[in-house]
Amino acid sequence: MAGARTFFEPPKGKAIWESRFGYSMRLGLLALVLAAVAGIPLGILAALRRNTIFDYLALLVSTIGISVPSFVLAIFLIIVLAGHLNIMKIIQRDWSSPGAWLVPAIALGFGTFAYIMRLTRNSMLEVMGQEYVRTAKAKGLSDRVIVTRHMLRNALIPVMTIMGPALAGLITGSFIIETMFGFPGSGREYVTAIGNRDYSMIMGTTLIYALLIVLANLTVDILYGFLDPRIKVR
């Protein structure tokens, strides 16, 4: 039970987000925000510029991101940034600065970014062929209005579908990344608990992870009502 206390409780005098579980949650949220902020706009641009060089590059990057495991990308970033460019430490000791979180977040969220970008592109291409989009063009509306008011909300519904499981996966699936970067999160502690056969901590952590997945999917279901007016949340 002592391991469970260090897992969920912050150090003395610290806030709850300073615990190991809080560190992993913040890293997962940062990875998801970076993936969404970069993936959605690039996916929209790739769809609007279909069959151009930008579209082909976006497809290439998304294919690489989906195919390459996160730990391989982490090794590449460590070799380039720490070994050749010497702009980061291989083992970070101080995690108080925001810049120290950036590289682990990129390594953790790059696969999600690639999947969001490809899914956004495919959704936009599907929406572009709908009748209401052709009607909006026939009315003389500008391309910006058509994209932002008519196409984007419907195209984001499939993207929002994966955002919930992606968030839960990023928060709970950072075991290898945390170990490689020496990150003081719950992933390393969870693996240590498995090695030490700390069953109480393993079961408690698994239940919390399952609760996070349920809450994330519930949040996505509620957001459907805001994206699509045809869906009513009662």
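Note: hydrogens, waters and symmetry copies are ignored here, and every other heavy atom, side chains too, is used.
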More than 12 heavy atoms from other groups under 6.0 Å of CZ on Phe76: no

Does any pair with a residue in residues 111-130 pass ring pair (Phe, Tyr, Trp, His ring centres under 6.0 Å), and if so which ones, sequence neighbours excluded? Phe110-Phe113

Distance-only polar pair, side chains of Arg121 and Ser62, donor-acceptor under 3.5 Å: no

What is the distance from atom CD1 of Ile66 to atom CE of Met117, rounded to the nearest 0.5 Å? 8.0 Å

Give the minimum heavy-atom separation between Val61 and Ala114, together with the two atoms involved. O-CB, 4.2 Å

What about the rings of Tyr23 and Trp101, do their centers lie closer together than 6.0 Å? yes

For residues Ala166 and Thr112, report the shortest heavy-atom separation together with the two atoms involved. CB-CG2, 4.0 Å

Which atoms form the tightest heavy-atom contact between Ala46 and Phe54, and what is the distance? N-CE2, 3.6 Å

Going by heavy atoms in the side chains, are Met124 and Val147 under 4.5 Å from each other? yes

Minimal heavy-atom distance between Ile116 and Met163, with the atoms involved, is CD1-SD, 3.7 Å

Side chains of Arg118 and Thr63: closer than 4.5 Å at any heavy-atom pair? yes

Between CG on residue Leu156 and OG on residue Ser123, distance to nearest 0.5 Å: 8.0 Å

Within this structure, what is the CE-CD1 distance for the pair Met160 and Ile157, rounded to the nearest 0.5 Å? 10.0 Å

Taking a hydrophobic cluster as the set of Ile, Leu, Val, Met, Phe, Trp and Tyr residues connected by side-chain heavy atoms closer than 4.5 Å, whether directly or through intermediates, do Val159 and Val33 fall within one such cluster? no

Could you see if Leu45 belongs to whatever hydrophobic cluster contains Leu57? Use Ile, Leu, Val, Met, Phe, Trp, Tyr and a side-chain cutoff under 4.5 Å. no

Say you draw a straight line from OH of Tyr56 to CZ of Arg49; how long is it, rounded to the nearest 0.5 Å? 14.5 Å

What about Leu125 and Leu59, same hydrophobic cluster or not, with Ile/Leu/Val/Met/Phe/Trp/Tyr joined at side-chain heavy-atom distances under 4.5 Å? no

Give the minimum heavy-atom separation between Ile146 and Lys137, together with the two atoms involved. CD1-CG, 3.5 Å

Out of curiosity, Met151 CE to Gln130 CD, how far, rounded to the nearest 0.5 Å? 10.0 Å

Of all pairs that satisfy salt bridge (Lys or Arg N to Asp or Glu O under 4.0 Å), the ones with a partner from residues 199-217, not counting sequence neighbours: none

Cluster overlap Ile40 with Val37, hydrophobic side-chain contacts below 4.5 Å: no

If you count the non-hydrogen atoms of other residues, nucleotides and ligands that lie under 6.0 Å from CD in Glu126, is the total more than 12? no

Spell out, yes or no, whether Leu102 and Leu108 are grouped together once hydrophobic residues are joined by side-chain heavy atoms under 4.5 Å, including indirect joins. yes

Flag yes if more than 12 heavy atoms outside Leu60 fall under 6.0 Å of its CG atom; otherwise flag no. yes

Minimum heavy-atom separation for Ala107 to Ile177, with atom names? CB-CD1, 4.2 Å

Return a table of donor-acceptor pairs under 3.5 angstrom between the side chains of residues 210-220 and protein atoms on other chains or two or more places apart.
unit_1: Asn217; atom_1: ND2; unit_2: Ile213; atom_2: O; d: 3.2
unit_1: Thr219; atom_1: OG1; unit_2: Leu215; atom_2: O; d: 2.8

